[in-house]
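For reference, the structure discussed in these notes is given below.
Note that the structure is predicted; figures quoted are calculated from it, not measured. Quick note on labels: first sequence line is chain A, next is B, and so on, each numbered from 1.
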Amino acid sequence: MSTRVSLSPAGAIGKIFRSFSEAGRKYGVEWWILIAGIVIILAVAYIAFFPQTLAPYDPLDQNAGPQLGAPSASHPMGTDNLSRDVLSRTLYGSRTILGVAFAAALVSSLIGIPLGLLSGFVGGVLDRVISLIMDSLYSFPGLILAIAFAAMLGPGVVNITLAVAVIYIPTYFRLVRGQTLSVKEEVYVEAARALGARRPAIMWRYIFPNVIASVVVVFSLNIADAIMTEAALSYIGLGLPAGIPDWGMDIAMGKKFLPSGAWWMITFPGLMIVILALGFTMLGEGLAEILNPRLLER
Amino acid sequence: MADKILEVKNLYIEYPISIGTVQAVSDVSFDLHHGEAFGLVGESGCGKSTLGLSFLRLLRPPGRIASGEILYRGRDIVKMKDRELLRMRGQNIAMVFQNPLTSLNPLFRIDQHFVETIQWHEPGTKRDDAIARSENVLEDLGIEKKRLFEYPHQLSGGMRQRIMIGLGLIMNPDIIVADEPTTSLDVIVEAGFVDLLNHLRKAYNLSIILITHNLGLVAEIADRIAVMYGGRMAEIGTSEEIFHRPLHPYTQGLINCVPNIRMDQQALTTMPGSPPDLVAPPVGCPFADRCPHVMEICRHKMPPLNTYDNNEQAACWLHEDVETQLHPSSEA
């Protein structure tokens with residue numbers, strides 16, 4: 001019996017692995033998509049938090065190697081036109097894009113969710129006005145709107161975050177408003193009113209918790225989208241001031257040297273954008289499938 | 001007779017919709033006495049649920065009380081300010097809804113429901129005190145204390161219904177309005193519910209308004225019964241009178257429709273026709289088109305709700321001197 005109580009580290013890992021594959025059998029391929037997404041995000045998050053542990057050079061060091069040097073043993077991803085190490089720049093660049101995308105999704109959800117709750121719950125004229133504003137924001141192509149805001153606010157980490165955040169507010173608003181409208185009609189909400197619940201209590205204690213679950217999935221998918229938007233903004237030069245390593249900006253610069261054969265300057269940051277966006281998309285899709293109990297009936 | 005705790009006077013409730021105005025409740029008056037169980041009976045769409053919701057001003061927009069009074073201990077609920085109304089809900093009048101399976105917030109444990117309800121009314125209450133009070137109520141409901149810390153989905157339908165009643169009782173109200181409380185429960189649970197309600201009535205000194213289409217249920221609980229038809233009161237009387245000597249042809253029809261195991265019936269008795277259109281209610285008696293005893297006057301003039309023997313009230317020309325009503329001038 002003692003073997004069952006005290007598990008060796010190897011036994012514990014085996015146990016975790018078994019419960020993992022058990023969940024894999026239960027949820028099917030969605031489970032592995034979720035796990036792959038989480039692994040990608042954790043890996044990039046590690047890079048973003050501790051780039052100095054992995055990067056061989058300072059990303060801004062202009063004497064790191066030869067100018068436009070091809071990938072080699074000392075520079076696995078080559079060097080750029082200013083002799084900076086592409087690997088180091090790519091690693092440090094994850095910090096910017098992850099931070100901006102996450103902060104943008106957070107800001108837009110913090111604005112969109114309460115507005116959606118209020119609009120759906122109060123209804124009437126307020127709902128009409130807020131919905132009108134949100135629909136007009138939503139009717140813009142996301143990137144065009146972000147460009148307009150970024151141009152208006154000027155470069156800077158905070159400004160680019162806000163510019164990206166603005167285009168996702170309507171996503172949260174519409175989702176939460178729709179859910180609020182349906183949850184508001186539930187018997188438990190009416191029962192709470194009959195027991196003397198005030199409106200704020202109904203909104204935050206009865207409707208909000210029952211609405212928030214669907215937001216988690218959208219949040220993850222939004223980060224994936226925000227990564228693309230951030231990269232696009234800095235690619236066209238509306239993003240960040242020079243000096244901050246950033247994938248979009250590096251691609252824009254690398255584009256100029258592609259005709260001369262320096263493929264490494266755009267390939268590695270571009271690959272990272274794809275992988276990171278893929279990670280968040282996989283997380284979102286995996287969560288959407290697993291959080292939906294109806295799909296288990298298959 | 002005991003004192004009146006709730007008086008409804010000439011209440012009109014309407015729902016303005018695109019094609020006109022639905023007269024959901026028209027000219028309804030009745031009294032609820034202290035400690036009384038009052039049954040509100042009628043078929044779907046007769047306005048009984050709307051009437052029930054109006055006691056707590058819980059009508060869904062665009063529904064509104066057009067005119068009339070609802071006096072709770074002399075205070076008019078119709079004119080109450082929001083603050084007063086919130087205090088009254090749960091504390092003076094509580095309501096139990098049709099569907100116990102969805103009446104509890106699925107994300108809250110039962111204890112959270114109780115603690116929150118108590119704190120809405122008594123903001124400073126400590127959690128431990130609130131839990132202790134909830135446990136006492138749970139005991140009265142015949143539910144184990146440990147159930148307090150479970151989620152709604154872990155309880156059966158009957159238990160959830162009892163929890164709903166417990167939440168209604170936690171602030172010691174005088175009146176409980178139960179709207180079709182047993183609709184989604186099976187007959188065994190329903191029988192237990194009847195016993196529980198009768199027990200709680202004495203233990204908590206409650207007045208009960210039971211809204212249902214289930215005549216069997218109302219017969220077991222109610223002291224007095226009001227029969228509604230087309231948004232109006234057809235008949236109000238003691239259970240005894242309503243079941244044994246119904247005055248209104250609609251009440252008679254309703255009772256005949258209940259299958260009786262002792263009678264050698266071939267087929268179920270039904271009432272022909274359908275309820276009146278409440279957007280354009282008929283000028284005369286709403287039941288005229290379906291009434292087996294219909295007379296000429298019924299189609300032109302609404303019968304008043306008059307009081308007859310044994311304090312029984314009915315709105316039907318059959319019991320009036322029709323001649324004087326048709327030609328009032330000849331009598332004068």
Side-chain angles (χ1 to χ4, degrees), chain A residues 113-114 116-131 175-217 219 287 290-294 296-297, chain B residues 49 52-53 55-62 82-108 112-123 152 160-161 163-171 173 176-180 183-184:
Chain A
I113 293 169
L117 259 179
L118 201 68
S119 195
F121 184 65
V122 176
V125 180
L126 183 81
D127 181 34
R128 290 271 180 89
V129 172
I130 301 179
S131 293
L175 176 74
V176 171
R177 177 179 172 270
Q179 294 268 317
T180 302
L181 286 177
S182 82
V183 171
K184 176 166 99 159
E185 302 297 318
E186 292 285 345
V187 187
Y188 56 80
V189 172
E190 195 172 26
R193 287 179 66 204
L195 289 169
R198 281 165 177 74
R199 290 160 74 89
I202 291 173
M203 201 164 94
W204 290 109
R205 303 288 290 154
Y206 282 76
I207 296 180
F208 178 69
N210 284 291
V211 158
I212 201 68
S214 55
V215 172
V216 176
V217 171
F219 188 81
L287 279 178
I290 283 162
L291 294 180
N292 187 351
R294 238 164 274 162
L296 281 183
E297 288 164 16
Chain B
S49 285
L53 288 173
F55 302 146
L56 283 173
R57 288 241 311 263
L58 283 171
L59 292 169
R60 294 263 179 94
D82 280 358
R83 178 180 286 271
E84 208 178 345
L85 190 68
L86 283 172
R87 206 178 318 131
M88 194 199 66
R89 289 177 184 165
Q91 214 163 326
N92 301 135
I93 305 179
M95 189 147 185
V96 178
F97 287 95
Q98 277 190 30
N99 200 337
L101 298 182
T102 54
S103 286
L104 293 162
N105 186 345
L107 300 177
F108 282 8
Q112 291 173 287
H113 283 90
F114 276 102
V115 172
E116 290 226 340
T117 306
I118 293 172
Q119 288 176 344
W120 288 332
H121 293 282
E122 296 166 13
R160 275 184 256 183
Q161 183 62 295
I163 296 286
M164 285 314 296
I165 294 170
L167 282 171
L169 291 175
I170 193 77
M171 297 312 300
I176 280 230
V177 182
D179 186 359
E180 304 272 13
T183 307
S184 51

(message) Can you give me the closest heavy-atom contact between A:Ala194 and B:Phe97, atom names plus distance?
(response) CB-CE1, 3.7 Å
(request) Find the distance between CE (B:Met95) and CZ (A:Arg193) and round it off to the nearest 0.5 Å. (result) 11.0 Å
(request) Hey, could you give me each pair passing salt bridge (Lys or Arg N to Asp or Glu O under 4.0 Å) that has a residue in residues 176-187 of chain A? Not counting sequence neighbours. (result) A:Asp127-A:Arg177, A:Glu185-B:Arg60
(message) Give me the atom names and distance for the closest heavy-atom approach of A:Ala191 to B:Met164.
(response) CB-CE, 3.7 Å
(message) Could you work out, with ring pair (Phe, Tyr, Trp, His ring centres under 6.0 Å) as the rule, every residue matching B:Phe108, not counting sequence neighbours?
(response) A:Tyr206, B:His113
(message) So for B:Thr117, is it side chain, backbone, both, or neither that comes closer than 4.5 Å to the heavy atoms of chain A?
(response) side chain
(request) Over all heavy atoms of both residues, which pair between A:Val187 and B:Thr102 is shortest? Give the atoms and the distance, please. (result) CG2-OG1, 3.3 Å
(request) Heavy-atom pairs under 4.5 Å with chain A are the metric here; pick the option from B:Val177, B:Leu107, B:Leu56 that has the most. (result) B:Leu107
(request) Kindly give the heavy-atom pair with the smallest separation between A:Ala201 and B:Trp120, and that separation in Å. (result) CB-NE1, 3.6 Å
(request) Report yes or no: does B:Asn105 contribute a side-chain atom to a donor-acceptor pair with the main-chain N or O of A:Asn210 at less than 3.5 Å? (result) no
(message) Quick check on B:Leu53 against chain A: is it the side chain, the backbone, both or neither that has a heavy atom closer than 4.5 Å?
(response) side chain
(request) Under 4.5 Å, counting heavy-atom pairs only, tell me which of B:Glu116, B:Arg57, B:Gln98, B:Met88 racks up the most with chain A. (result) B:Glu116
(request) Report the option among B:Pro173, B:Pro106, B:Gly168 that has the most heavy-atom pairs separated by less than 4.5 Å from atoms of chain A. (result) B:Pro106
